K.L.:
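This is the structure I have questions about; it appears just below.
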Amino acid sequence: MEFVKKIQQFISYWYVRYLLATELYMVDTWEKVVMHIVFGIMFTLFWYFNYSIIMSGIAQLRSSTAHDVEQIL
Amino acid sequence: MATTIAGSRNERDLNKLDKHGFKDLKQNVHNGKTTNGYMKTNDLRNGDTKFGLSGGGVPKMDWSKYDTFPGSFEKCTLLTAALTHFGLYILMFLGFVNQLLFTPKVATEKNREGYAPLYDPFETFFSRYVYRRVQHCFNRPITSAPGAELTLKERCTDDRNWTFRFTGTERRCINLGSYNYLGFAGHSTHAAVAAAARQYGLALCSPRAELGTTPLHRDLEATTAKFLGVEAAIVVGMGFGTNTLGLPGLLGPGSLALSDEKNHASLIMGLRLARATVRVFRHNDVRHLEQLARAAIAERKWTKIVIVVEGVYSMEGTIVPLAAMVALKRRLGLQLYLDEAHSVGALGPRGRGVCDHAGVAPADVDVLMGTFTKSFGAAGGYIAGSAKLINWLRQYGHAHTYAHAMSPPVAQQILSAMRLLDEDEGRQRLRQLRDNTHYFRDQLRRMGVVTLGHPDSPVVPVLVYTFSKMAATVERLTESNVATVGVGFPATPLNKARIRFCLSASHSRAQLERCVEAVARAVRELGLDYSRQAR
Ligand SMILES: Cc1ncc(COP(=O)(O)O)c(C=O)c1O
């Protein structure tokens with residue numbers, strides 16, 4: 001039980017800090033939800049962009065020889 | 001042209017005929033206006049400064065010889081700055097969406113086609129969508145005297161801060177919000193004040209210049225002058241009005257005011273009413289001030305150049321580097337208007353304000369202005385200086401002639417408090433205030449929060465940067481029974497919201513310890529320890 005409580009405390013502490021850092025602390029609930037969703041979408045898009053474009057690009061670079069790199073560049 | 005820059009004397013010899021045998025009418029031009037050659041002197045310098053005719057000949061100030069400490073201003077990290085701006089951006093964006101989707105009734109103007117909009121769009125937008133959300137931290141009603149403790153009347157809201165209703169409960173809090181520096185608000189001196197009210201009534205129903213002067217007023221003016229160590233003083237029923245009505249009496253369209261950027265609204269308004277030209281120098285920056293002053297002197301068109309500063313700045317907790325300003329003023333022949341609203345009574349070994357603190361003779365400051373609202377626990381303001389200056393102000397400052405005289409019990413309260421200051425009890429209060437200030441500032445520094453200002457200033461602003469943090473801190477502190485004030489945008493820059501603690505001689509060490517504990521809890525929970533200095 002102690003352990004669960006500690007985790008709860010930890011989460012609520014950092015949730016408040018997150019709200020304060022983004023000024024969401026003082027806005028209405030629906031506005032909070034909208035901004036959470038916007039942040040969520042942005043994060044997912046970034047993650048997907050990094051995953052699909054950057055990662056595969058780097059993978060390609062790593063698997064290619066120096067000669068290929070010259071051609072790519 | 002033969003007029004001096006000081007503009008006070010037209011030096012043309014009127015008896016000499018010019019080469020055509022006429023008195024040259026063209027020479028009677030002053031500031032672009034033709035005059036009859038006679039000009040009344042309105043030069044109120046106290047005689048110890050000569051007006052420098054050319055700024056170029058006077059050597060530059062060597063600032064290393066003076067204490068020019070502008071107050072501590074710790075810079076925040078790039079991350080904090082970025083997050084603060086990002087948060088503001090989100091707030092504005094949400095406000096915009098809100099206004100678009102649910103336009104409130106107050107935001108729609110009907111039947112006003114062809115007229116200019118009633119409200120400035122940004123200000124109303126700001127007050128609806130930023131200020132409203134944190135409104136529960138402001139304008140909080142109290143139901144007791146603002147002593148070391150006060151009673152807050154609790155409110156709650158059913159419609160997201162558009163309106164409030166009272167819950168019927170009250171909360172006793174330690175008061176860290178009032179400017180009650182010496183603890184005179186709330187107690188003491190009551191017997192004498194009651195006697196004055198019985199003898200003279202509460203109002204005189206007349207301005208000073210008519211039937212509004214009682215022996216109490218004369219006594220108060222003499223005591224104030226003696227207290228400050230100058231020739232004479234004039235008292236006015238309202239501190240704000242002392243500035244807004246006094247400045248137009250002293251300055252006119254031909255004068256230049258060099259005004260600190262953090263000056264109080266009353267000074268700014270007074271300068272505007274005086275129609276003086278205003279140039280603003282960076283807060284407490286004597287080098288910038290010197291630059292502006294030299295440039296202005298080189299223009300050779302100002303009847304006088306006046307530096308307008310405050311003693312303690314209430315939003316920054318900084319103290320003016322007065323010794324340096326006086327040295328500059330003497331070298332360049334400027335005049336100095338000093339507003340001691342927050343410093344008189346609260347600073348200096350004898351409580352004489354910032355002159356006492358900086359070791360400057362009061363006669364070196366041309367115009368000493370101050371209010372009785374803070375340290376003396378009363379109301380009203382004064383202007384003190386040379387007898388010539390005060391006589392001039394009685395004539396041309398509108399307060400003496402047109403505004404209601406100071407209420408007699410208020411005058412008595414000031415008198416009693418001022419006399420107490422020179423007794424053991426007053427000295428004890430001054431010591432207590434200084435101890436409390438140093439203790440509290442020290443504790444805050446150990447917590448790692450960013451405090452602004454001078455170590456001796458009893459106003460202690462703590463930077464929290466965002467509105468949310470300001471509101472959250474005020475909420476947390478109220479929960480721990482500490483009443484304090486958060487300050488945000490119109491009074492500070494948008495991204496520099498702060499909590500302002502005001503210390504008082506009436507706080508006991510136990511009370512302050514409780515406050516420190518409460519602040520420490522809030523700092524830990526909200527992450528306010530932005531400071532990167534050694535703790
Ligand atoms: C620097 C300064 N001047 C003038 C005033 C106005 O004084 P009062 O509140 O007595 O009208 C204040 C008040 O806060 C102030 O801070």
Side-chain angles (χ1 to χ4, degrees), chain A residues 1-64 66 68-70 72-73, chain B residues 77 79-102 128-138 157 159-162 464-476 486 488-489 494-495 497 521-530:
Chain A
M1 247 18 252
E2 264 306 290
F3 184 64
V4 178
K5 221 176 194 172
K6 268 219 172 112
I7 289 187
Q8 263 176 356
Q9 265 174 4
F10 178 82
I11 291 177
S12 70
Y13 172 80
W14 282 107
Y15 181 61
V16 170
R17 291 289 300 266
Y18 156 73
L19 291 183
L20 286 170
T22 48
E23 294 269 34
L24 292 182
Y25 180 82
M26 56 197 250
V27 304
D28 301 343
T29 318
W30 73 264
E31 289 167 310
K32 274 185 201 146
V33 173
V34 168
M35 288 319 293
H36 293 336
I37 292 173
V38 168
F39 287 153
I41 290 175
M42 278 192 356
F43 180 78
T44 322
L45 284 180
F46 265 117
W47 175 79
Y48 185 71
F49 169 75
N50 288 338
Y51 171 77
S52 62
I53 313 279
I54 305 282
M55 292 287 271
S56 67
I58 287 175
Q60 215 176 356
L61 279 181
R62 285 178 60 172
S63 63
S64 56
D68 293 338
V69 173
E70 261 164 33
I72 291 170
L73 296 178
Chain B
T77 56
L79 180 67
T80 314
L83 274 176
T84 309
H85 284 93
F86 180 60
L88 270 172
Y89 182 82
I90 292 177
L91 267 184
M92 299 292 161
F93 172 73
L94 283 175
F96 174 75
V97 172
N98 227 314
Q99 180 154 340
L100 208 66
L101 297 182
F102 320 100
R128 269 185 231 123
Y129 292 108
V130 181
Y131 177 76
R132 170 184 51 90
R133 298 183 203 268
V134 290
Q135 207 179 350
H136 56 285
C137 302
F138 303 114
T157 176
D159 50 5
R160 289 167 282 121
N161 280 2
W162 285 100
V464 295
Y465 301 105
T466 67
F467 287 97
S468 296
K469 291 206 167 175
M470 183 194 76
T473 317
V474 172
E475 283 165 17
R476 299 296 189 283
F489 162 57
L494 254 175
N495 58 346
R521 226 175 302 136
V523 167
R524 249 180 281 129
E525 190 189 340
L526 309 175
L528 303 177
D529 43 352
Y530 288 111

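Per chain, numbering begins at 1; letters A, B, ... match sequence-line order. Just so we're clear, the structure is a prediction, and the values are computed from it rather than from any experiment.
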K.L.:
Where is the tightest heavy-atom contact between A:Met26 and B:Leu91, given as atom of each residue plus distance?
P.N.:
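Looks like CE-CD1, 3.8 Å.
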K.L.:
Quick check on B:Phe93: does its CZ atom have over 12 non-hydrogen neighbours (other residues, nucleotides or ligands) under 6.0 Å away?
P.N.:
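Atom CZ in B:Phe93 is not crowded, with 12 or fewer foreign heavy atoms closer than 6.0 Å.
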K.L.:
Please classify the contact between A:Val27 and chain B as side chain, backbone, both or neither, with a heavy-atom cut-off of under 4.5 Å.
P.N.:
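Contact with chain B involves both backbone and side-chain atoms of A:Val27.
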K.L.:
Heavy-atom count check: over 12 atoms from other residues, nucleotides or ligands less than 6.0 Å from B:Phe96 CZ?
P.N.:
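Atom CZ in B:Phe96 is not packed in, count stays at 12 or less.
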K.L.:
Are more than 12 heavy atoms from other residues, nucleotides or ligands located less than 6.0 Å from atom OH of B:Tyr89?
P.N.:
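No - once you tally the heavy atoms of other residues, nucleotides and ligands closer than 6.0 Å, there are 12 at most.
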K.L.:
Can you give me the closest heavy-atom contact between A:Glu23 and B:Thr466, atom names plus distance?
P.N.:
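The answer is OE2-CB, 3.4 Å.
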K.L.:
For B:Phe467, is it the side chain, the backbone, both, or neither that has a heavy atom closer than 4.5 Å to a heavy atom of chain A?
P.N.:
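For B:Phe467, backbone and side chain are both near chain A.
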K.L.:
Do A:Tyr25 and B:Glu475 have side chains that approach each other closer than 4.5 Å (heavy atoms only, starting at C-beta)?
P.N.:
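Contact flag for A:Tyr25/B:Glu475 side chains = yes.
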K.L.:
Begin from the C-alpha positions of B:Arg160 and A:Glu31 and carry the test salt bridge (Lys or Arg N to Asp or Glu O under 4.0 Å) through to its verdict.
P.N.:
CA-CA 13 Å; B:Arg160 289 167 282 121; A:Glu31 289 167 310; over 6 Å; no
K.L.:
Should we count CZ of A:Phe10 as having more than 12 external heavy atoms under 6.0 Å?
P.N.:
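Counting other residues, nucleotides and ligands, CZ of A:Phe10 stays at 12 neighbours or fewer.
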K.L.:
Side-chain contact, heavy-atom cut-off 4.5 Å: B:Leu94 with A:Leu24?
P.N.:
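Yes, side chains in contact.
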K.L.:
How about B:Arg133 and A:Asp28: do any of their side-chain heavy atoms sit closer than 4.5 Å?
P.N.:
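Yes, side chains in contact.
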K.L.:
Of the backbone (N, CA, C, O) and the side chain (C-beta and beyond), which part of B:Ile90 lies under 4.5 Å from a heavy atom of chain A, both, or neither?
P.N.:
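Just the side chain, heavy atoms under 4.5 Å.
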K.L.:
For the atom pair CG (B:Leu528) and CG (A:Leu20), what is the distance rounded to the nearest 0.5 Å?
P.N.:
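Here the interatomic distance stands at 8.0 Å.
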K.L.:
Does A:Phe3, at its CZ atom, have more than 12 non-hydrogen atoms belonging to other residues, nucleotides or ligands within less than 6.0 Å?
P.N.:
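No.
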K.L.:
When only pairs under 4.5 Å are counted, which of B:Ala471, B:Gly527, B:Gly95 shares the most heavy-atom pairs with chain A?
P.N.:
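The answer is B:Gly527.
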K.L.:
Looking at B:Val97, B:Val134, B:Asn98, which one has more heavy-atom pairs under 4.5 Å with chain A than the rest?
P.N.:
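Sorted descending by pairs with chain A, the first entry is B:Asn98.
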